[in-house]
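Below, read A as the first sequence line, B as the second, and so on, with proteins coming before strands; counting in each chain starts at 1. What you are looking at is a predicted structure, and each value in this text was computed from that prediction instead of being measured.
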There are 2 protein chains.
Amino acid sequence: MSKATIYDVARVANVSIKTVSRVLNGEPKASPETRARVMEAVRSLNYTPSLSARALSGSRSFLIALVSSGGVSDNAMLYVTELQMGAIQACRAGGYHLLTEYIDGGATDFGALVETLVSTLRVDGVILIPPLCDDPKLLALLAERGATCVRVSPTLDGTADQNWGWGIDIDNYQAAFQMTRHLMDQGHRDIGFIQGHPKHAAAAQREAGYRDALFDGGPIPERLIQPGLFTFNSALPAARALLEQKRRPTAIFAANDSMAMAVLSVAYKMGIPVPGALSVAGIDDLPAASVVCPPLTTVRQPIMEMGAAAARFIINRTAGQVGNYLKQVFDHSLVVRESTSPPAEPAAHAAFSLAATPDFR
Amino acid sequence: MSKATIYDVARVANVSIKTVSRVLNGEPKASPETRARVMEAVRSLNYTPSLSARALSGSRSFLIALVSSGGVSDNAMLYVTELQMGAIQACRAGGYHLLTEYIDGGATDFGALVETLVSTLRVDGVILIPPLCDDPKLLALLAERGATCVRVSPTLDGTADQNWGWGIDIDNYQAAFQMTRHLMDQGHRDIGFIQGHPKHAAAAQREAGYRDALFDGGPIPERLIQPGLFTFNSALPAARALLEQKRRPTAIFAANDSMAMAVLSVAYKMGIPVPGALSVAGIDDLPAASVVCPPLTTVRQPIMEMGAAAARFIINRTAGQVGNYLKQVFDHSLVVRESTSPPAEPAAHAAFSLAATPDFR
DNA sequence: GGATGCGGGGACAGCGCTGTCATTCAGTCC
DNA sequence: GGACTGAATGACAGCGCTGTCCCCGCATCC
């Protein structure tokens, strides 16, 4: 009970340790009877193989690292948490384990990180999340050491994706496009937008979706578009800038939920009723999104699924199955809650609205 | 560059591998010059020891597991995330690594979990968070296998703390007591309370703090106390029950922030202005607490610190230093934001309020 | 002078697995 | 019939470290 080894199992099953190893690793050469005998011994001894020994002698470590750039205890961290949960689930299913590493916001000592990951831990793969997943230095180092990596919501769009790892994402363009259309369907035309972090590709894609949905390539009133960094605080000034205009937008679409919450907060302080006088929408469907007042209309990404897929990819790849895609795109879905509604004075801004709703394309 | 081993270092430094090992592990027997020579070789080769090899041959694995019972993607998960960040920081400082394991909400197959932790991973310690840290079965299994464990915010109060591991907490009683007094200082007497999860000791302690502060052992109008489970959803009915009373409380103190947010949400839907007609307070200072409208008055716990302390304890303990305390209590602090203010009609409820503010004790 | 102690350092045997290669025993083929 | 094939299994050598034991040389002590 204390600590059974493979030797104990071999003795009990009356086979060699190599055969035990084969059975445990699902290798082909083993007769059904032998297999059964070994499994029985394993069960009776309550045997669990040692990860260290397996890692030391074999080529797999059964370890996956999730690297994020922590530091800011922002609400958006829940994104990481959920991704992590998905990854852990997939790990457990595959006999793997998840290591979590943070790298300090400003720190760029990627060398040490990579060395630790590759040399010390010998992880079988690394899951990178924004903005780390778009750092060329980190990616280069990782690639140089031959690390398998999966990038969640990466910047590069397949084309230039020079074996910097596999990507996982949703269609940010479509998500933003659809949300914008949702607002337009409700009658909004004066829709403000708060941009995401300029270094993060999802930000650009979301903005493009918004622009195309609203203006369809036409002229763009820049006053409607304000800069943000995906964080709550970064969106406060943007929201103010939008809401203090004489002709205030009837809706604000923030590039993510954290920033949408900032809009809610500013509106609250300015005494602007939501959704009465202002509709607000975001993207991400953070757990907090359904908890704020009013609950936020947003776009849900299957974050847990994505985390699980990332881990599974690494597991399969290490096991020899090579996926030949560069990127997997997950479905998103509109979650309409109470923060959006038709604008108060439907035709008041008619002069500004477009003649007709452009077609989807 | 590719993968230096201890042999390479030994060769370059012109010493035996054992000496390299000694230097790297800070063992005493090594002259300063030798030490310097070895370190130089390590640097020049960019050497990093293999964790697996160390774990396999030595008695430490340099791994710490953080076990939480995931599943619900509640806002309160940020608590876990922050704890994790603290733990990771401490790990990095000590050359350790943090593994995160979730156990499904309902699952009680602790046997397999413990086996994995102890046998497969051979972690040097386990950090347990509520409600897992209070599960007797899990604790017994862990103790049986001799695992070092640190329980965050555990139930047992030192006394009965039968070597079930070290504990980390804040003084929940005082935190609740002080928050209640804060509300009373503002003039509130009719203060509702939403209880935490009955299986979690912090819940009981917080309730005791509230009761003692408000009633000082006197009669307790039970209508003021409603059950909750620490989750947002669980507090919705409680908040409704409190706010639909003819004589509505002028303040509601929820046993944690998630539930306080539920109060905010219900008040919003009922059209009760906060803090105008109702003050709301919580405990935890979740990141979301400062983001909701209005920002929540709450009690901050140094969660990251606590996570770091937990990891450090395990690291030190494994290194031989035995801490002889059973529990470490961290300081908390009141964070007064905008969700609390003096009640609208100061003396309206005088008939119900206590004659005088009882003394602190 | 021999016993003793101690700082400094090496030899060596594993830790518990997996990879590689060898071996055995049926069947198969011409 | 003898060489050949392939499935099932075992022998054995590490993987890269740490723990244990041992050795050397020098100072100390009666």
Side-chain angles (χ1 to χ4, degrees), chain A residues 2-38 41-42 45-63 95 115-116 118-122 124 318-320, chain B residues 2-38 41-42 45-63 95 115-116 118-122 124 318-320:
Chain A
S2 187
K3 48 166 189 171
T5 72
I6 196 171
Y7 296 105
D8 302 321
V9 177
R11 195 174 334 105
V12 171
N14 198 29
V15 293
S16 72
I17 58 166
K18 181 59 201 179
T19 299
V20 176
S21 171
R22 273 197 269 262
V23 172
L24 258 33
N25 288 292
E27 287 171 33
K29 316 281 205 72
S31 72
E33 310 137 36
T34 310
R35 203 173 291 274
R37 202 140 36 89
V38 169
V42 165
L45 290 169
N46 207 358
Y47 167 74
T48 319
S50 151
L51 250 222
S52 321
R54 299 231 272 173
L56 184 56
S57 87
S59 55
R60 296 185 287 174
S61 67
F62 301 92
L63 253 27
E115 211 57 37
T116 301
V118 175
S119 246
T120 298
L121 297 166
R122 294 192 45 214
D124 288 340
T318 309
Chain B
S2 187
K3 48 164 190 172
T5 71
I6 196 172
Y7 296 104
D8 302 321
V9 178
R11 197 176 330 106
V12 171
N14 198 28
V15 293
S16 73
I17 57 167
K18 181 58 200 180
T19 299
V20 175
S21 171
R22 274 197 268 261
V23 172
L24 260 33
N25 288 291
E27 287 171 33
K29 318 275 208 81
S31 70
E33 309 137 36
T34 310
R35 206 172 288 276
R37 202 140 34 88
V38 169
V42 165
L45 288 168
N46 208 356
Y47 167 75
T48 319
S50 150
L51 250 221
S52 320
R54 299 231 274 174
L56 185 55
S57 86
S59 56
R60 294 185 288 173
S61 66
F62 300 91
L63 254 25
E115 211 57 38
T116 301
V118 175
S119 251
T120 299
L121 298 166
R122 293 194 46 216
D124 287 341
T318 309

[atom2] on [Y] to [atom1] on [X], rounded to 0.5 Å:
X       : Y        : atom1 : atom2 : result
A:Ser50 : B:Leu121 : OG    : CG    : 9.0 Å
A:Glu27 : A:Lys18  : CD    : NZ    : 5.0 Å
B:Arg60 : B:Thr318 : CZ    : OG1   : 7.5 Å

Taking the side chain as C-beta and beyond, is there a heavy-atom pair between A:Asn25 and A:Arg54 under 4.5 Å?
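Result yes, sub-4.5 Å side-chain heavy-atom pair found.
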
Hey, are the side chains of A:Tyr7 and A:Val20 touching, using non-hydrogen atoms and a 4.5 Å cut-off?
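No, their side chains stay 4.5 Å or more apart.
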
Write down the distance between [atom1] ([X]) and [atom2] ([N]), rounded to a whole number of angstrom.
X        : N      : atom1 : atom2 : answer
B:Arg11  : C:dG10 : CZ    : C1'   : 17 Å
A:Asn25  : D:dA8  : CG    : P     : 17 Å
A:Arg122 : D:dC17 : CZ    : C1'   : 13 Å
A:Leu24  : C:dG19 : CG    : P     : 13 Å
A:Glu27  : D:dA8  : CD    : C1'   : 13 Å
B:Ile6   : C:dC12 : CD1   : C1'   : 14 Å
A:Asp8   : C:dG16 : CG    : C1'   : 11 Å
B:Arg37  : C:dG10 : CZ    : C1'   : 14 Å

Given the structure, check if the side chain of A:Tyr7 and the base of C:dC15 hold any donor-acceptor pair shorter than 3.5 Å.
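Check fails, no donor-acceptor contact within cut-off.
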
Which nucleotide in the list C:dG8, C:dG10, C:dT18 gets nearest to the side chain of B:Ser31?
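Output: C:dG8.
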
Report the end-to-end axis angle of the helix from C:dG1-D:dC30 to C:dC30-D:dG1; each axis comes from five terminal pairs, and the value is rounded to 10°.
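Taking the rotation axis at each end, their angle is 50°.
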
Partners of A:Ser31 by side-chain contact (heavy atoms from CB on, under 4.5 Å), sequence neighbours excluded?
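Partners of A:Ser31 under the side-chain contact (heavy atoms from CB on, under 4.5 Å) test: A:Glu33, A:Thr34.
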
Got a sec, which residues hit side-chain contact (heavy atoms from CB on, under 4.5 Å) with A:Ser59, two or more places apart in sequence or on another chain?
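With sequence neighbours excluded, A:Ser59 shows a side-chain contact (heavy atoms from CB on, under 4.5 Å) to no residue whatsoever.
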
Any donor-acceptor pair under 3.5 Å linking the side chain of B:Arg122 with the backbone of B:Ser61?
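No; judged by distance alone, with no hydrogens or angles, the pair does not exist.
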
A:Leu24/A:Tyr47 under side-chain contact (heavy atoms from CB on, under 4.5 Å): CA gap, chis, key distance, verdict:
CA-CA 11 Å; A:Leu24 258 33; A:Tyr47 167 74; 3.4 Å; yes

Would you tell me if any nitrogen or oxygen in the side chain of B:Thr19 comes within less than 4.0 Å of OP1 or OP2 on C:dG8?
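Checking C:dG8 against B:Thr19, no side-chain N or O comes under 4.0 Å of OP1 or OP2.
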
Give each protein N/O atom lying under 3.5 Å from an N/O atom of nucleotides 20-24 of chain C, with the pair distance.
none

For the student: nearest non-hydrogen atoms of A:Ala53 and B:Leu56, plus distance
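Minimum heavy-atom contact is CB-CD1, 3.8 Å.
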
side-chain contact (heavy atoms from CB on, under 4.5 Å) between B:Arg22 and B:Val15: does it pass, once the steps are laid out?
CA-CA 11 Å; B:Arg22 274 197 268 261; B:Val15 293; over 6 Å; no

Mind listing the residues from residues 49-63 of chain A sitting with a heavy atom below 4.0 Å of DNA chain D? Number order is fine.
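A:Leu56, A:Ser57 - these, ordered by number, are the residues of the stretch whose heavy atoms sit under 4.0 Å from the strand.
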
On DNA chain D, compare the nucleotides closest to B:Thr5 and A:Pro32; which residue's is nearer the 5' end?
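Looking at the nearest nucleotide for each, A:Pro32 comes out on the 5' side.
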
For A:Asp124, what residues pass the salt bridge (charged side-chain N to carboxylate O under 4.0 Å, His left out) criterion, not counting sequence neighbours?
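By the salt bridge (charged side-chain N to carboxylate O under 4.0 Å, His left out) rule, A:Asp124 matches no residue at all.
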
